[in-house]
There are 2 protein chains.
Amino acid sequence: MVKKKETDAGTEQKILAAAKKVFVKKGMDGARMQDIADEAGINKALLHYYFRNKEKLFEQIFAESAGRFIPKVKAILIADTGFYEKIESFCGEYIDMVMQNPYLPMFVMNELQKQPAAMIKKIFKGSLPDLSKFIGQMQEEIKAGRIKPIHPAHLIMNMMSMCIFPFIGRPMLSAVMGISDTQFMTAMEERKKAVPKFIFDAIRK
Amino acid sequence: MVKKKETDAGTEQKILAAAKKVFVKKGMDGARMQDIADEAGINKALLHYYFRNKEKLFEQIFAESAGRFIPKVKAILIADTGFYEKIESFCGEYIDMVMQNPYLPMFVMNELQKQPAAMIKKIFKGSLPDLSKFIGQMQEEIKAGRIKPIHPAHLIMNMMSMCIFPFIGRPMLSAVMGISDTQFMTAMEERKKAVPKFIFDAIRK
DNA sequence: GTCTATAACTCGATAGAC
DNA sequence: GTCTATCGAGTTATAGAC
């Protein structure tokens with residue numbers, strides 16, 4: 001009995017891990033149930049035993065992936081820390097997380113663009129991240145004359161762009177700038193500090 | 001005879017336009033020959049009459065799309081203009097072009113991530129954009145003490161990120177910041193000036 | 001729970017009439 | 001050059017034995 005339960009959980013986890021790997025790399029359309037079965041070391045029939053069909057399996061993976069990728073914004077921006085600390089921790093933690101899952105941004109953004117409304121709903125389940133606190137802090141800084149007036153939307157876009165895009169544009173950037181995988185990762189490590197510094201330099205009076 | 005030629009050209013152009021629309025939106029894997037035929041107002045057989053197979057048709061579209069999207073870097077960065085002008089024209093022209101083809105960045109980056117080596121080859125055909133002039137100008141500015149010391153790779157990444165990413169992350173950004181399509185486009189229009197300003201503020205001493 | 005075998009279906013591609 | 005009809009490969013999904 002114990003053995004049975006262990007096997008169940010083990011197989012299901014193996015499937016989820018395999019499915020994540022394959023879906024994230026190839027996308028919903030490009031992924032094959034056979035690939036996932038192979039990766040998990042089982043056969044196709046067993047996939048359908050655990051998850052009725054491809055779509056159900058995909059949704060599980062997507063929800064988990066996007067749920068890890070997107071709402072992180074929430075946690076950081078809503079935290080009880082100062083304006084500068086928020087920017088620093090956002091850049092540091094985001095880049096860190098993506099370095100461990102380099103294909104995640106492309107995967108999530110791509111599927112999101114194909115089915116915007118449906119996917120957004122699944123991710124946020126009605127509770128969008130509340131930016132008002134962060135924006136409020138920004139406006140205070142502006143009022144106090146410590147930073148230049150800048151529209152919050154642009155600052156947020158700039159920050160997210162500089163953290164996420166390098167991973168999406170990696171093949172192009174690597175080719176254009178002629179850098180190796182190791183050099184790329186080194187550069188990303190640098191960016192955990194370089195991006196917030198760039199932002200502060202841009203906005204500080 | 002005139003009529004025949006007109007019909008040929010007309011159909012081929014209709015197919016290419018339809019294929020671009022479908023491929024760019026759904027990607028190589030997600031696109032269906034039937035979708036393209038429908039979009040072009042013809043049937044599948046005729047697609048294969050004009051383009052032997054799906055791959056040939058895709059390559060034509062991809063080459064044209066990426067060829068428009070990527071080498072623009074080249075032209076601007078190699079131009080005979082000053083350091084600041086280059087940054088301004090890059091941001092302005094790039095954002096402008098992408099506003100007219102909002103799905104292009106996602107499409108190109110996505111296919112590029114699936115087949116990096118092969119696709120890079122197709123796009124650049126051996127002549128990568130030469131960044132040395134731009135980098136040289138940047139180093140002069142640093143030496144002259146007009147801008148802060150910053151690694152060229154990071155500056156280039158920042159610039160491209162802030163120009164391109166908003167279009168890739170559009171569904172997420174729109175949702176998170178609660179903005180409409182119109183507001184999004186207005187914001188992008190603003191960015192043609194706001195991004196270079198942000199960059200100058202960040203690097204200028 | 002897990003497997004083999006196969007049904008059911010999707011989709012790219014071709015044959016052949018007009 | 002354009003169409004209808006259909007084939008055949010590749011995939012998802014199910015049946016049924018163990």
Side-chain angles (χ1 to χ4, degrees), chain A residues 1-63 107 110-111 114-115 118, chain B residues 1-63 65 107 110-111 114-115 118-119:
Chain A
M1 209 168 83
V2 171
K3 193 186 172 196
K4 196 180 167 192
K5 272 202 165 182
E6 275 174 23
T7 312
D8 290 357
T11 302
E12 187 163 340
Q13 286 315 116
K14 259 194 286 181
I15 291 174
L16 286 170
K20 179 166 183 178
K21 192 168 172 183
V22 174
F23 275 130
V24 165
K25 190 167 173 192
K26 306 198 176 180
M28 168 64 176
D29 295 324
R32 297 284 159 257
M33 293 297 265
Q34 186 65 59
D35 299 337
I36 298 173
D38 292 348
E39 180 73 35
I42 56 167
N43 60 60
K44 283 188 293 176
L46 206 52
L47 283 183
H48 287 87
Y49 174 80
Y50 279 91
F51 302 88
R52 194 176 314 282
N53 54 40
K54 186 180 175 182
E55 195 168 329
K56 287 252 190 308
L57 182 53
F58 172 78
E59 283 183 13
Q60 189 118 345
I61 299 299
F62 182 78
F107 171 65
N110 193 33
E111 303 296 339
K114 285 184 200 157
Q115 303 281 345
Chain B
M1 208 169 85
V2 170
K3 192 187 171 196
K4 197 180 166 192
K5 272 202 165 181
E6 275 174 24
T7 313
D8 290 358
T11 302
E12 187 162 341
Q13 286 315 117
K14 259 193 286 181
I15 291 174
L16 286 170
K20 179 167 183 176
K21 193 168 172 184
V22 174
F23 275 131
V24 166
K25 191 168 171 192
K26 305 197 176 182
M28 169 64 175
D29 294 326
R32 297 285 159 255
M33 293 298 264
Q34 186 64 60
D35 299 337
I36 298 173
D38 292 348
E39 181 72 36
I42 57 167
N43 60 61
K44 280 190 296 176
L46 206 52
L47 282 184
H48 287 87
Y49 174 80
Y50 279 90
F51 302 87
R52 197 176 314 281
N53 53 40
K54 187 181 175 182
E55 196 168 328
K56 287 251 189 309
L57 182 53
F58 172 79
E59 282 183 13
Q60 189 120 344
I61 300 299
F62 183 78
S65 299
F107 171 64
N110 192 34
E111 304 296 338
K114 284 183 200 158
Q115 304 282 343
M119 295 299 171

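Each chain gets a letter, A, B and so on, in the order the sequences are listed, and its residues count up from 1.
- For Glu111(A) (side chain) and Met28(A) (main-chain N/O), a donor-acceptor pair under 3.5 Å exists by modelled atom type.
- Side-chain nitrogen and oxygen atoms of Thr11(B) include none within less than 4.0 Å of the OP1 or OP2 phosphate oxygen of dG1(D).
- The nearest pair of heavy atoms linking Met33(B) to Asn53(B) is CE-C, 4.4 Å.
- To the nearest 0.5 angstrom, Gln115(A) atom CD is 11.0 Å from Asn110(A) atom CG.
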Spell out protein contact along nucleotides 4-18 of chain D as letters: B when the base is contacted, S when just the sugar-phosphate is, - when no protein heavy atom is under 4.0 Å; keep the 5' to 3' order. B------SBBBB---
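- For the pair Phe58(B) CZ and dG12(C) P, the interatomic distance rounds to 14 Å; values are reported in whole Å.
- End-to-end axis angle for the helix from dG1(C)-dC18(D) to dC18(C)-dG1(D), using five pairs per end and rounding to 10°, comes out at 10°.
- Each of dT2(C), dT2(D), dC3(C) was ranked by its minimum atom distance to the side chain of Tyr50(B); first place goes to dT2(D).
- Ring centers of Phe23(A) and Phe62(A): at least 6.0 Å apart, outside the cut-off.
- Between the P atom of dG1(D) and the CG atom of Leu46(B) lies a distance of 9 Å, rounded to the nearest Å.
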Using the salt bridge (charged side-chain N to carboxylate O under 4.0 Å, His left out) rule, take Asp29(A) and Lys114(A) through it: C-alpha gap first, then chi angles, then the decisive distance, then the call. CA-CA 11 Å; Asp29(A) 295 324; Lys114(A) 285 184 200 157; 3.3 Å; yes
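- Side-chain N or O atoms of Asp35(B) include none that pairs as donor or acceptor with a backbone N or O of Asp38(B) at under 3.5 Å.
- Rounded to whole Å, atom P of dG12(C) lies 16 Å from atom CZ of Phe51(B).
- Rounding to whole angstrom units, CG of residue Asp29(A) and P of dT10(C) are separated by 15 Å.
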